[in-house]
Amino acid sequence: MILPALLALPAAGGALLRGSWDLWAQALLHTASAAGLSLWLSWRILVGYLPLPSRRSLLWTAALLALGAASTWASALHASALPDWRTFLNALWMFPAMAALSKDERRGIDQAVRAAAWALMTLAFYQRMVLRDPAPSSALVNPNVYAGAVLMLLPLALETGDRLLALGLLISLSWTQSVGAWLGLFSSMLLSRSLRRTGWFWVGAAGALLCLGAIYDRLQSPEFLHRWNWWAAALRMTWDKPLLGHGPGVFALTLPAYQEREGLSTLYAHQYFLQTAAEYGLPFAALWFGGLWHCLRRGTSHKRFAARAVLIHSLWDWTLSMPSNLWLFSYFAASSIPEGSRGVNIPSRWRVPAAFAALCVGGWLMKGALDPWAASRAGRAATQRLSSGAVEDARRLSAEALRLAPEDFQAHLTSAEVELEAARLASTPETAARALSSAAASLERAAELNPYRKPTWTLLSAVYKRMGLPDLSASALARGARRFPAGEGP
């Protein structure tokens with residue numbers, strides 16, 4: 001029962017932790033997944049038999065793993081790309097793991113997802129009826145993201161015969177006011193073979209036309225123009241680095257260098273296909289979406305309907321950028337993989353070393369998930385101590401954050417902030433000069449780790465100017481400007 005519980009944890013539990021949006025939720029889920037999977041692997045190895053998926057599925061997973069890892073490590077924002085890479089790994093491993101699950105175990109996961117759907121729907125009703133929220137988001141961070149989750153949970157409720165849940169989800173979907181979600185629902189009805197030659201086909205056609213009319217009416221609205229700006233920036237990113245992209249999850253950090261209009265900040269491109277190509281590269285995107293198409297083409301009707309609907313929704317909104325939605329979507333897509341009959345026998349002499357290696361890899365993955373969370377907490381504590389005037393305490397906490405996450409640009413920015421405050425409060429010119437020098441070194445490293453953040457270059461230039469180094473001050477601005485091919489530099 002270990003493996004079904006491990007799949008149910010992100011697919012069902014992820015949404016209940018605010019969609020696993022926060023770093024603490026991601027750290028807990030990644031840690032639990034790494035620990036459970038390494039224990040399961042070591043147990044299967046010690047037993048002497050390890051079930052395997054089909055060769056095609058294994059090759060597809062291995063190719064995505066290699067391309068995604070290359071994109072992450074080649075990224076100029078390597079440390080910032082790691083959290084989203086771990087999120088994708090928690091989705092990718094579901095595909096080979098599904099071959100080891102029986103039909104009863106899969107039904108157990110469906111029941112866990114159904115229970116989570118009841119919790120989400122009940123919370124949405126509470127927010128609407130008691131808290132008077134006109135567009136409830138349930139446990140997720142945004143009504144549109146909740147709408148994307150409903151698109152997947154609604155067909156599952158119908159598949160399990162829970163019509164009361166389906167009705168509640170449909171009502172709560174109407175409260176989100178998400179035109180993109182309704183377009184996904186109606187378009188999936190149009191594309192469903194089982195609904196052809198029925199009245200539901202015409203309901204889908206009429207609903208899709210109404211949604212397209214509503215979208216057409218918004219073509220000149222700021223909402224659409226902002227999206228157009230982000231989509232164009234994503235295309236420029238893809239054109240600039242078509243093979244490996246800029247790294248998982250770094251769209252928001254690289255956006256200032258590729259958008260032509262200033263000030264339109266966003267975390268996501270609001271278009272899952274474009275964002276995947278911009279972050280991972282075209283080969284990865286082609287392989288990922290090609291594999292998904294193959295899975296959805298032969299999946300069960302309800303799960304295929306759900307995954308197709310949320311993919312259409314993701315053409316307009318960032319629903320699949322939410323970790324919990326990505327995990328649930330991946331579970332639905334992977335459900336088409338049949339129970340496998342392949343496996344490998346482990347020779348007796350290799351069982352203990354291989355099991356130990358699996359545990360070591362699991363421990364390494366757990367540490368990699370927990371360290372950024374600990375570093376983030378130390379950095380926030382340093383900022384709080386600095387605001388109260390405790391510079392030495394802030395310096396100690398900042399050093400702890402750097403130890404845990406030496407390649408996190410935010411940790412270096414915090415260190416620079418501490419040193420600048422130390423320079424301001426310094427009692428002698430020599431002490432101030434040392435603090436300014438340390439601040440400049442931290443800012444140089446922060447700019448190296450995230451060259452697309454304009455305020456870093458501007459602050460670095462100001463520090464050099466304060467140190468009486470005008471040439472280095474001008475050089476900092478010039479180096480920063482070279483990182484902005486589309487927009488204006490610092």
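Note that the numbering runs from 1 along the sequence shown for the chain. Every heavy atom of this structure was used, including side-chain atoms; hydrogens, water molecules and symmetry mates were not.
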Parallel, tilted or perpendicular: rings of Trp85 and Phe88 (30°, 60°): parallel
Any donor-acceptor pair under 3.5 Å linking the side chain of Trp93 with the backbone of Asn90? yes
Arg396: what forms a side-chain contact (heavy atoms from CB on, under 4.5 Å) with it, not counting sequence neighbours? Asp393
Would you call Gln26 and Pro372 a side-chain contact if the rule is heavy atoms closer than 4.5 Å? no
In chain order, what residues pass the side chain to side chain donor-acceptor pair (under 3.5 Å) check against Tyr268, with sequence neighbours excluded? none
Test item: Ser20 side-chain N/O and Leu17 main-chain N/O as donor-acceptor pair under 3.5 Å: no
Pairing donors with acceptors under 3.5 angstrom, does anything connect the side chains of Arg434 and Ser438? no
So, does Ser475 use its side chain to make a donor-acceptor pair with the main chain of Asp471 at under 3.5 Å? no
My understanding is that only residues two or more places apart in sequence, or in another chain, count here; which of them pass ring-ring contact (aromatic ring centres under 6.0 Å, His included) with Phe289? Tyr272, Phe273
Are the side chains of Val310 and Phe332 in contact, using a 4.5 Å heavy-atom criterion? no
On a heavy-atom basis, which atom in Leu151 and which in Ala309 lie closest, and how many Å separate them? CD1-O, 3.8 Å
Does any N or O in the side chain of Thr383 come within less than 3.5 Å of the main-chain N or O of Gly379, such that one atom is a donor and the other an acceptor? yes
Measure across Ala358 and Leu41 and return the closest heavy-atom pair with its distance rounded to 0.1 Å. CB-CB, 4.2 Å
Is the ring centre of Tyr280 less than 6.0 Å from the ring centre of Trp288? no
Working to the nearest 0.5 angstrom, can you tell me the gap between Glu444 CD and Tyr464 OH? 3.5 Å
Quick check: closest heavy atoms across Asp84 and Gly249, and the distance to 0.1 Å? CG-CA, 3.4 Å
Sub-3.5 Å donor-acceptor pair from the side chain of Ser71 to the main-chain atoms of Gly68, do we have one? no
Side chain Thr176, main chain Leu173, donor-acceptor under 3.5 Å: yes
Any side-chain to backbone donor/acceptor pair from His270 onto Trp228? Under 3.5 Å, distance only. no
Would you find a donor on one side and an acceptor on the other, under 3.5 Å apart, between the side chain of Asn325 and the backbone of Val145? yes
Spatial distance of atom CZ (Arg380) from atom CG (Leu397) [nearest 0.5 Å]: 12.0 Å
Cation over ring, Arg377 on Trp373, under 6.0 Å and within 45°? yes
Is the side chain of Glu407 donor-acceptor paired with the backbone N or O of Leu449 at a distance under 3.5 Å, no angle test? no
Any side-chain heavy-atom pair of Leu386 and Arg395 under 4.5 Å: no
Please answer whether the main-chain N or O of Ala234 pairs with a side-chain N or O of Thr238 as donor and acceptor at a distance below 3.5 Å. yes
Are Leu413 and Arg453 close enough that some pair of their side-chain heavy atoms sits under 4.5 Å apart? yes
Specify whether Trp327 and His30 have parallel, tilted or perpendicular ring planes, treating 30° as the upper limit for parallel and 60° as the lower limit for perpendicular. perpendicular
